[in-house]
Amino acid sequence: MASYGPDERALFESAAARLFETVVALGGIPTTDPRIAPDSEQRPAFDLLVELGLVLLDKETDTWVPEDPSSVQSRVVSPLSQEGARLLDESSHWARVFGGLTQTWRRSPMSAVRGPFTHIHDEAIGPFLTGLVSECEEELLTAQPQTGRDAQSLAAAALRDTQMLERGTKMRTLYQHSARRSSVTHKYVAAVTARGAEVRTLDEFFNRMLVFDRRIAVIPGRDDLRVAIAIREPSVVAYLVDIFERTWERARPFTNRDTTMMKGIAAEQRAMTIRMLIEGHSDPVSAKRLGVSPRTYAGYVADLKDEYEAETRFQLGYTMGQQGVSGTEETQETD
């Protein structure tokens, strides 16, 4: 029997199973039934049932009759289970060989020749990080600003990180508050927290960083993220971990949605918008610091204009200055 994959399974779950239930309820379905006509909507589902052997043609009555699914299940599932076992066995052999090579490399002088800092460029960054995740045994710390994480990269990260978590590795991730508005980020967070990861958010701007087992840290080499720097110097890695821990203590749990906390987050974002205005940053820079789009940031400024009854940013700045507004009041109260 042919091997079946995700596409066939999706068709089987969504349409073929319901059609089979209909055939069982009717005791069979005539070959002339319009539901299984060549151009009908249910024809692909019917063809799959025939291919699986779940319906057979009774030539005497010219009727398709159902078969016992348990007799078909073993023909479909057993080859998949055998293939899965074969792949697991094969992957363990590959992992064992690579594990030996990794230990050989770390014991050799060559591992020190490259120095405590390694630059990784462009397409090599993804495979390099995947390798570090696969080797991570105890803990992964990540700081991920909202900008630059699209649906495709998050989906790949979810697959990679959930596999790591299922090995028993711990994981903590920091986002900016703006990540709470991203549906794809919510899906990622749901996937990793279900497996024990912790995710928090805060208003402050920070750069991307990953720390593996407190042994190797990876940070961007440039703003365009085309260069990554792997840091193996213990003192520098420890310094970055200390910064992460201090920031983590100030952050708020991603999964906490109670009203009081959401009001606090809104107040923190409002306060940071005020600080950006007072410091005179451009809209693109301010939007990046807040982890939002320039249009969203412009909306924040418009809300402040309405709040202080100002028509221009100059009037807004003057009014806030007259009232002694600095953008730190809400943060102080929250703390």
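Proximity of P69 to F20: side-chain heavy atoms (C-beta onward) are separated by under 4.5 Å at one or more points. V292 is listed as a side-chain neighbour of R181, based on a closest heavy-atom distance under 4.5 Å. In this structure the side chain of V218 reaches within 4.5 angstrom of the side chain of L132, judged on heavy atoms. Inter-residue side-chain proximity for E307 and R270 is flagged as met; some heavy-atom pair is nearer than 4.5 Å. The shortest distance between side-chain heavy atoms of T22 and R35 falls below 4.5 Å. You'll find the side chain of S178 stays beyond 4.5 Å of the side chain of L290, heavy atoms only. Between L202 and W248 there is no side-chain heavy-atom pair separated by less than 4.5 Å.
Taking a cutoff of 4.0 Å between a charged side-chain nitrogen and a carboxylate oxygen, R9 and E13 qualify as a salt bridge. The existence of a salt bridge linking R43 and D47 is confirmed by a sub-4.0 Å separation between a basic side-chain nitrogen and an acidic carboxylate oxygen. Ion pair R18/E21 not flagged as a salt bridge, since none of the NZ, NE, NH1 or NH2 atoms sits closer than 4.0 Å to an Asp/Glu carboxylate oxygen.
Crowding of E166 atom CD: a count of heavy atoms from other residues, nucleotides or ligands under 6.0 Å exceeding 12. For CD of Q323, the number of neighbouring non-hydrogen atoms (other residues, nucleotides, ligands) closer than 6.0 Å is greater than 12.
Of the possible polar contacts, none joining the S78 side chain to the R75 backbone as a donor-acceptor pair under 3.5 Å is found. Proximity of a side-chain donor or acceptor of S92 to a complementary backbone N or O of D89 within less than 3.5 Å is detected. At least one donor-acceptor pair closer than 3.5 Å links the side chain of T169 to the backbone N or O of C136.
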Check: Would V189 and Y175 count as a side-chain contact (heavy atoms from CB on, under 4.5 Å) if you check the C-alpha gap in whole Å, the side-chain angles of each, and the deciding distance to 0.1 Å?
Finding: CA-CA 10 Å; V189 172; Y175 282 114; 4.1 Å; yes

Check: Between E137 and D213, does a side-chain contact (heavy atoms from CB on, under 4.5 Å) hold up when you go through it step by step?
Finding: CA-CA 7 Å; E137 297 177 349; D213 290 335; 4.0 Å; yes

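Rounded to the nearest 0.5 angstrom, Q176 CD and Q269 CD are separated by 9.0 Å. Taken from CZ in R200 to CZ in R172, the straight-line distance is 8.0 Å, to the nearest 0.5 Å.
Aromatic ring orientation, Y297 versus Y300: perpendicular (interplanar angle above 60°, classes split at 30° and 60°).
F254 carries R180 over the face of its six-membered ring, with the cationic atom under 6.0 Å from the centre and within 45° of the normal.
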